[in-house]
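What follows is a set of notes on a single structure, which appears directly below.
Labels below follow one simple rule: chain letters A, B, ... track the order of the sequence lines, proteins then strands, and each chain is numbered from 1.
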Amino acid sequence: MCLAIPAKVITVDGASALVTIEDVEYRASLLLLDDVHPGDFVMLHAGFAIEKVDADEAAETLRLLNEIADNSHQ
Amino acid sequence: MKLPITVINRSAVQYIDEYRKKDLILALSAELKKISSKEITLMEVCGGHTMAIHRFGLLSLLPANIRLLSGPGCPVCVSSQHFLDTAIAYSKIPGTIITTYGDLIRVPGSNGSLEKEKANGHDIRIIYSTLEAVDLARENPDKKIVFLGIGFETTAPATAASIVEAAKAGLNNFFVLSAHKVMPPVMKALVEEGVKIDGFIAPGHVSAITGTEIYNDLAMKYGLGVVVAGFEPVDLMQAILMLVRQFESGRPAVEVQYQRVVQGGGNKIARELLSRVFEPKDDRWRGLGMIPLSGLKIRDEFAEFDAERHFNIHVPESSEPKGCICGSILRGLKTPADCGLFASRCTPADPVGACMVSGEGTCATYYKYRS
Ligand code: SF4
């Protein structure tokens, strides 16, 4: 039930945003998150955006993982 | 010009696809087999983690010395029978509309379920967002709308937000029956009870709200590793690797694997809203009993939205279904295979206990992915 899914913000309209997950549109309340802009990814949970997805951190994690993968091939 | 559908899909599942890559999963599996030498038992607290571990078949990728236990992190499963009986009692009051997240309506109470009451003609509605319940209250001033608040720190802020919105709108017909719970006390309770755990795979979305500070005690006082993990297979394998590294080097700590979503301090707005609307209370967990300060109660300032104070209906204490060992499973002491009713008397279509109802309940997960 603590499921949250990354959703892409299309438009922001006051305290709510239009977001898409795999091309399906949803309304996300922004009552729990501010500073949200079109193009951001947010974690959508029960109709609320609960946190942003940090693109830099995501890239860093993937870099680390690829390093492990490369090492294990050697 | 038509875009090929696969291209659209590619961009649409960003932040999911990358964490399901087979080569990464296998590389992490190989690394684990290389560095893990000692027997280690890890508990995945969150039902969403249990589900992902089984769905992606991760157990078969771990060396035999790593054991995973499922924990008490399925809100539907840990909500007490008493809470359900109370909800069922409210549903019978003329003029009330019960609103709830989906899974709960199938959980058997002492006598019947919300689903049965719905079939009997009582007004029980499944909603997706708490704000729908507030809208219902606005549109139906002659009805009393009760929202059944279940869930951990991830979900409770949405309930808090609905109460604040109802207050702003001046509504006097919106109520919450809160069974909201918080994670740290139950994790500590399990350790103190003596369940053998060497480290926790900590819930990613709870931590997105709370931050990681809530786990410091587990690492410092109890010497356990805690790694906050995401919900994709690569996330979980990496979190297990991080825990094993800590364990092998004898240095337990609180670490975050789910860096892309979890910030150390959590979500400040959500945390403030939570403590504005709720205060901690001792709370009952199915199968685990009373745990001090493990639940959330609506503060006096918002008392008029508290269903318990408004309706003043008390249902008798109840016992758990006969033969169901859900409680021991939630404590990581037993697995569904140890239950005589599993997959015979108790199935997702006709559940005996709550662990079989919720999609992320341990029994339902084992049933779905049983080999
Ligand atoms: S299989 Fe059913 S009866 Fe047995 S522990 Fe799980 S929920 Fe309870």
Side-chain angles (χ1 to χ4, degrees), chain A residues 1-10 13-36 39-74, chain B residues 8-9 11-16 18-19 21 23-24 26-28 30-31 34 46-48 73-76 101 103 127-132 150-155 157-158 161 164-165 203-206 208-209 231 234-235 238 241 257-263 266-267 269-270 273 358 360:
Chain A
M1 218 188 91
C2 292
L3 193 71
I5 301 172
K8 187 174 185 174
V9 177
I10 307 300
D13 166 20
S16 100
L18 182 70
V19 302
T20 58
I21 300 170
E22 289 194 63
D23 295 331
V24 183
E25 292 185 344
Y26 298 89
R27 276 263 142 219
S29 165
L30 299 181
L31 288 173
L32 304 178
L33 199 63
D34 58 11
D35 203 23
V36 173
D40 287 348
F41 275 79
V42 295
M43 298 305 292
L44 182 66
H45 168 73
F48 285 76
I50 58 165
E51 192 48 275
K52 276 195 224 180
V53 183
D54 187 320
D56 296 337
E57 291 290 359
E60 175 59 20
T61 302
L62 282 176
R63 194 190 59 76
L64 254 167
L65 286 165
N66 283 318
E67 230 174 68
I68 296 174
D70 288 346
N71 285 336
S72 80
H73 286 316
Q74 281 163 14
Chain B
I8 297 172
N9 274 337
S11 67
V13 287
Q14 195 176 346
Y15 300 121
I16 291 185
E18 309 93 290
Y19 302 93
K21 280 209 181 122
D23 57 333
L24 288 182
L26 293 178
L28 287 162
E31 183 70 11
K34 204 161 79 192
C46 177
C74 157
V76 170
Y101 295 131
D103 277 352
I127 55 169
Y128 170 63
S129 158
T130 56
L131 297 180
E132 288 169 45
I150 61 164
F152 300 110
E153 291 95 327
T154 320
T155 313
V164 170
E165 288 303 293
H205 295 135
V206 162
I209 303 291
F231 293 81
V234 169
D235 290 325
Q238 190 186 13
L241 180 62
Q257 178 279 328
Y258 202 23
Q259 297 275 3
R260 63 190 182 279
V261 171
V262 176
Q263 326 212 328
N267 176 334
I269 298 177
L273 201 58
S358 167
E360 59 191 48

With only heavy atoms counted, which part of Asn66(A) is less than 4.5 Å from chain B, the side chain, the backbone, both or neither? both
Thr154(B) and His45(A): which non-hydrogen atoms are nearest, and at how many Å? O-CD2, 3.5 Å
Are Glu57(A) and Gln263(B) close enough that some pair of their side-chain heavy atoms sits under 4.5 Å apart? no
Scored by heavy-atom pairs under 4.5 Å with chain A, the best of Ile150(B), Asp103(B), Leu26(B) is Ile150(B)
For the residue pair Leu131(B) and Phe48(A), establish whether any side-chain heavy-atom pair is separated by less than 4.5 Å. yes
When rounded to the nearest 0.5 Å, the distance separating CG of Leu62(A) from NZ of Lys21(B) is 7.0 Å
Roughly how far apart are Ile269(B) CD1 and Leu30(A) CG, rounded to 0.5 Å? 9.5 Å
Where on Glu132(B) is there a heavy atom nearer than 4.5 Å to chain A: the side chain, the backbone, both, or neither? neither
Engaged part of Pro75(B) at the chain A interface, taking heavy atoms whose separation is under 4.5 Å: side chain
Heavy-atom proximity to chain B below 4.5 Å, by part of Leu65(A): both
Between Gln259(B) and Glu60(A), is any pair of side-chain heavy atoms under 4.5 Å apart? no
Highest number of heavy-atom pairs under 4.5 Å with chain B: which of Ala55(A), Ala46(A), Ala58(A), Ser29(A)? Ala46(A)
For Val261(B), which atoms come within 4.5 Å of any heavy atom of chain A: side chain, backbone, both, or neither? both
Could you walk me through whether His205(B) and Met43(A) pass side-chain contact (heavy atoms from CB on, under 4.5 Å), step by step? CA-CA 9 Å; His205(B) 295 135; Met43(A) 298 305 292; 3.5 Å; yes
Most heavy-atom pairs under 4.5 Å with chain A, out of Ala158(B), Ala270(B), Ala208(B), belong to Ala158(B)
Asn267(B) side chain to Ile50(A) main-chain N or O, any donor-acceptor pair under 3.5 Å? yes
If every non-hydrogen atom of Ala69(A) is compared with every non-hydrogen atom of Ala27(B), which pair is closest and at what distance? CA-CB, 3.5 Å
Looking only at heavy atoms, which two atoms of Gln14(B) and Pro6(A) are closest? And how far apart? O-CG, 4.0 Å
Contact class of Glu18(B) relative to chain A, heavy atoms under 4.5 angstrom: both
Spatial distance of atom CD1 (Ile209(B)) from atom CG (Leu32(A)) [nearest 0.5 Å]: 6.5 Å
Parallel, tilted or perpendicular: rings of Phe41(A) and Tyr15(B) (30°, 60°): perpendicular
With chain A, the option among Glu153(B), Glu31(B), Gln238(B), Glu165(B) that has the most non-hydrogen atom pairs under 4.5 Å is Gln238(B)
Heavy-atom contact with chain B under 4.5 Å, split by part of Ala7(A): neither
Side chains of Leu31(A) and Val164(B), heavy atoms from C-beta outward: is any pair under 4.5 Å? no
